[in-house]
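As structure tokens, the structure follows; a few thoughts come after it.
Whatever order the structure lists them in is the order used to number ligands and atoms, beginning at 1.
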Amino acid sequence: MLVPNLTWLVIEDAYKTNDLVEDVLKKSGLKYEYMIAPMPAQYKNKTKGPKPRGVSNRNKGLSWIRENAKTGVFYFADDDNTYDLELFNEIRYTKKVSLFPVGLITKAGVSSPIVKNGVFSGFYDGWIGGRKFAVDMAGFAVSVEFLKRRPKATMPFKPGFEEDGFLKSLAPFEPKEAELLATNCTKILVWHTQTKKNEPSLPLDLTKYNNSNLLMLKKILV
Ligand SMILES: *[C@@H]1O[C@H](CO)[C@@H](O)[C@H](O)[C@H]1NC(C)=O
């Protein structure tokens, strides 16, 4: 409600919408679309391993954007994120894909592009996992026009690789082309939160991360 010119797509992994949620959305006065996108049964009925949660919802949002939006920037918000209002001013000018740090309740304490002298130089994340784009779901925003020039871009039903798979599906697009926000990734404007105890963040490898934004980020982590 504090962000100007926002359309909120609320998409639930459910078979029907919920009147109580709809009431809240109406009351907010926001421009919104309330939709459902249940996880396909083949994944929902899996008995072993992690499920690809939130993928059906996000792909539904991407389809809505392709059909209904011409310009603007989209961002995958979530109910376990906390935002600094400044984030929305920053992502608003994204031309292709913008990247920025996300505060996390993990040993690393943050997931962020590594930035040296204003230039992208890799990803810092507690789990790189062979990903080309080792980012959190809350750590990037995409231009609508850029998406629409890539009709096949979609999020894969692949637990742990949803962000990487989606950003790779935006090819041709390389990490070094990303717009680095939050003052060269030295500020945390979004947190992926959980209510639980967390160890102090890991000490930083000062040889490896010398002259990088991580020195600044480390100062604001506990
Ligand atoms: C990012 O760093 C580069 C190189 O030091 C600098 O020229 C640029 O002004 C910085 N950008 C911001 C937004 O601070």
Under a 3.5 Å threshold, I'd like every N/O contact between ligand 1 and protein atoms, with atom names and distance.
residue: ligand 1; atom: 2 (O); partner: Asn184; partner atom: ND2; Å: 2.3
residue: ligand 1; atom: 11 (N); partner: Asn184; partner atom: ND2; Å: 3.0

Residue among Lys44, Lys60, Arg53 satisfying side chain to side chain donor-acceptor pair (under 3.5 Å) with Asp13 = Lys44
Pairing residues for Tyr43 by the ring-ring contact (aromatic ring centres under 6.0 Å, His included) criterion, not counting sequence neighbours | Phe157
If you measure from the Lys or Arg side-chain nitrogens to the Asp or Glu carboxylate oxygens, is any gap between Glu174 and Lys132 under 4.0 Å?
-> yes
Return the set of residues passing ring-ring contact (aromatic ring centres under 6.0 Å, His included) with Trp127 (not counting sequence neighbours), or none when no residue passes.
-> Phe161
Does the pair Asp164/Lys168 count as a salt bridge with the N-to-O cut at 4.0 Å?
-> yes
Not counting sequence neighbours, list each pair that qualifies as a side chain to side chain donor-acceptor pair (under 3.5 Å) and has a residue in residues 146-161.
-> Asn59-Thr154
